[in-house]
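Working notes, structure below.
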Amino acid sequence: MRFEPPNVTEMNEWIAVGMLAFVGLLIPLGMMAVSYLIRPSVPETSKRATYESGEVPTGGTRIRFNIQYYMVALLFLIFDIETVLLFPWAVVYLDAVESDAVSLAEILGPMLIFVAILLVGLAWAWRSGAVQWARSPFQVEAEADRP
Amino acid sequence: MSRGETAESLQIAGPLQVGEPLLPERISDITGLGEFGVAGELTAAFLAAFLVGNLMLAMTGVAGPWAKRKITAAFTDRIAVNRAGPAGLFIIVADAVRLLSKENIIPEDADRPAYDLAPIVVASSAMLGFAVIPMGSGVQLADPEVGLVFVFAVAGIASLGLVMAGYASANKYSMLGGLRAVAQNVAYEIPLVVTGMSVVIFAGSLQMSTIVDAQTQTLLDLGIVSIPAWYALVNPFAFVLFLVANFAEVGRNPFDTPEAPTEIVAGYQTEYSSVYFVLIYLGEFLHIFLGGAIIATIFLGGPAGPGPEQLGIVWFLIKIWGVFMLTQWLRSAVPRVRIDQLIEIGWKGLLVLSFANLVLTAVIVGLIA
């Protein structure tokens, strides 16, 4: 007897993912359309002023911002790539341990070294004060006072 | 179809079905759309996506205007909404109409395309994550092998929307809120993913259905009750880490500094009104539920629970509502952390702990197996 595919139709599952993306766009757009139809519009210039707790807005918004935190962005990139590289290892780990073909040190060792190298990087960033929102003025002074 | 054919197809259907059919396939079977080729497939997938999308929309509808108020009121010994409908439930309709019919005030300095796109990005990216979540009772849109990575990746898109909202509003509070949001998401994304990875070590797969199946094994048999091997029980340390990182990732208390009302008004959503405000709010609630769905799937056995399997979706909803209740509990009970504390907790605390958890899990699994 030849095996026919079962009655249940096989579909590419990414079609459904794409459709949810479509529905996910459709719902906000639909709400915006409904709102457009029922909301009033009373144009008035002072209403559109930038909100600064009721005061007259002063200065622009696109100011210079403390760049210190870009170090953390770099750190994030490194760790993010690291998670991408670790995921395949995590998927095959249990099978590799149970297969007895390779010793535990061989499976675990490279990952431990990999993580250790990155943690050294984190330790350096930690010591140099990169993983902070902002250095407090006290901290800067204390460092400047150092002989 | 003759009787013989039916019997034959039933015979074959048994051994060939590896996994449960997914929701689009079921719908195409029930409605007969499968016979219309690609157009039928697309329609069935659309119907399934529409169903899941609106289920989530309904849940945020209940959570936002009603449940949140009721829970907060219970914590502060008040009654909250109780006028319209049973237990004030009709406030959902009233609030929807009220918010959508507000005038949409757009600040004069706003960067228009980005300002308008940000709410859509926040809302729809959160919605997309539900595509791979197995909700039980056969409600799962897709089950790709990269499920877990997909859901993390999609959940991360929202921070783009928050930065867009913060920058395009041309408001200082929004700017600070947007920068805080990205700093927070950057700090907590790694602990979240690395802790999730320790679950992958147990399950040996990124596929959501496989992760759920792996949790149906028995951990402890106590005679009458057998405790399932939910990963929250197998590795409670990872569970707690994941919970904390998740609250930070979705920006809930005590980690809601990006929109801290006592410091920066409402953060990135300060300048948003009317339907845009609704969309950002919707995105936030969807994110809480998406976080709850991830927690339920990889730590709480997904749709598993006592009773017949058809009750799966009930158990699943109970679990993600449980996580939602927890966020509201924390909202009422835990003080907010400062932004510098938040960054330090993320980079110096959770990141180190999550790597410790990963290494320890790997070593222990390796030694036991």
Side-chain angles (χ1 to χ4, degrees), chain A residues 3-11 13-17 19-25 27-28 31-32 34-35 38-42 47-53 61 65 69 72-73 76 79-80 83 86-87 90-91 93-95 97-98 104 107-108 111-112 115 119 122 126 131-134, chain B residues 9 12-13 16-17 21-22 24-25 28-29 34 41 45-46 48-50 53 57 100-105 107-109 120 123-124 127-128 131 141-144 149 170-172 175 183 186 190 193-194 197 200-201 204-206 270-271 274-275 279 339-340 343 347-348 355 359 362 366 369:
Chain A
F3 269 104
E4 296 280 330
N7 213 1
V8 176
T9 38
E10 285 288 321
M11 288 188 204
E13 38 200 10
W14 293 104
I15 293 179
V17 175
M19 275 300 168
L20 190 63
F22 179 60
V23 169
L25 278 178
I27 289 174
M31 287 165 76
M32 282 162 79
V34 169
S35 168
I38 59 175
R39 74 182 171 220
S41 175
V42 189
K47 195 191 271 180
R48 298 179 64 215
T50 303
Y51 178 75
E52 281 184 14
S53 308
T61 308
F65 195 79
Y69 207 71
V72 171
F76 169 72
F79 273 100
D80 218 23
T83 57
L86 272 181
F87 259 117
V91 171
Y93 181 73
L94 198 58
D95 285 341
V97 169
E98 282 171 351
L104 187 59
I107 314 165
L108 211 52
M111 173 269 200
L112 288 180
V115 170
L119 287 184
L122 178 67
W126 188 329
V131 282
Q132 281 175 0
W133 179 245
Chain B
S9 61
I12 300 162
L16 263 184
Q17 266 175 301
L22 298 167
E25 290 160 5
S28 83
D29 270 7
E41 273 188 32
F46 176 77
F50 194 73
L57 195 65
L100 288 181
S101 61
K102 290 278 182 194
E103 185 182 358
N104 195 9
I105 300 167
E108 48 198 358
D109 296 332
I120 304 178
S124 49
M127 186 79 92
L128 188 53
L141 276 183
D143 197 16
V149 174
N171 179 310
K172 295 178 187 97
M175 181 81 171
V186 155
I190 311 279
V193 173
V194 169
M197 204 183 290
V200 176
I201 288 180
S205 173
L206 297 170
T270 304
E271 288 287 6
S274 182
V275 65
L279 288 179
I339 181 67
D340 57 322
I343 299 302
W347 283 102
K348 300 183 179 175
F355 272 109
V359 169

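Quick caveat, the model's predicted, so the values are computed rather than measured. Letters go in sequence order (proteins before strands), and every chain restarts at 1.
- For the atom pair A/L20 CG and A/I15 CD1, the distance stands at 14.0 Å (nearest 0.5 Å).
- Between the side chain of B/E103 and the backbone N or O of A/V42 there is at least one donor-acceptor pair closer than 3.5 Å.
- Residue B/L128 touches chain A through both its backbone and its side chain, counting heavy-atom pairs closer than 4.5 Å.
- By the side chain to side chain contact (heavy atoms under 4.5 Å, CB included) test, A/I27 is found to be paired with A/V23, A/M31, B/N54, B/L57, B/M127, residues two or more places apart in sequence or in another chain being considered.
- Contacts with chain A were tallied for B/P107, B/G366, B/G53; B/G366 has the most, counting heavy-atom pairs under 4.5 Å.
- Of the two parts of A/V115, only the side chain, counted from C-beta on, holds a non-hydrogen atom closer than 4.5 Å to a non-hydrogen atom of chain B.
- For A/Y93, the part lying near chain B is the side chain, with the backbone staying farther off; criterion is any non-hydrogen pair under 4.5 Å.
- Both the backbone and the side chain of B/K348 come within contact range of chain A, each with at least one heavy atom under 4.5 Å from a heavy atom of that chain.
- Proximity to chain A (any heavy atom under 4.5 Å) is shown, for B/A362, by both the backbone and the side chain.
- Rounding to the nearest 0.5 Å gives a distance of 13.0 Å between CD of B/E108 and NZ of A/K47.
- When heavy atoms are compared at a cutoff of 4.5 Å, B/F46 approaches chain A by way of both its backbone and its side chain.
- For A/Y51, there are no ring pair (Phe, Tyr, Trp, His ring centres under 6.0 Å) partners, not counting sequence neighbours.
- When the candidates B/A170, B/G204, B/S205 are compared by the number of heavy-atom contacts under 4.5 Å with chain A, B/A170 comes out ahead.
- No side-chain heavy atom of A/F79 sits under 4.5 Å from any side-chain heavy atom of B/V194.
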Could you walk me through whether A/M32 and B/L279 pass the side chain to side chain contact (heavy atoms under 4.5 Å, CB included) test, one step at a time? CA-CA 9 Å; A/M32 282 162 79; B/L279 288 179; 3.9 Å; yes
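- Closest non-hydrogen pair, B/A131 versus B/L141, comes out as O-CB, 3.3 Å.
- Contact count against chain A (heavy-atom pairs under 4.5 Å) is highest for B/V275 among B/V359, B/V275, B/D109.
- Residue with the most contacts toward chain B among A/P28, A/S35, A/S41: A/S35 (heavy-atom pairs, distance under 4.5 Å).
- In terms of heavy-atom pairs under 4.5 angstrom with chain B, the leader among A/V34, A/D95, A/L86, A/L119 is A/L86.
- Between chain A and the options B/N104, B/I120, B/L206, heavy-atom pairs under 4.5 Å are most frequent for B/N104.
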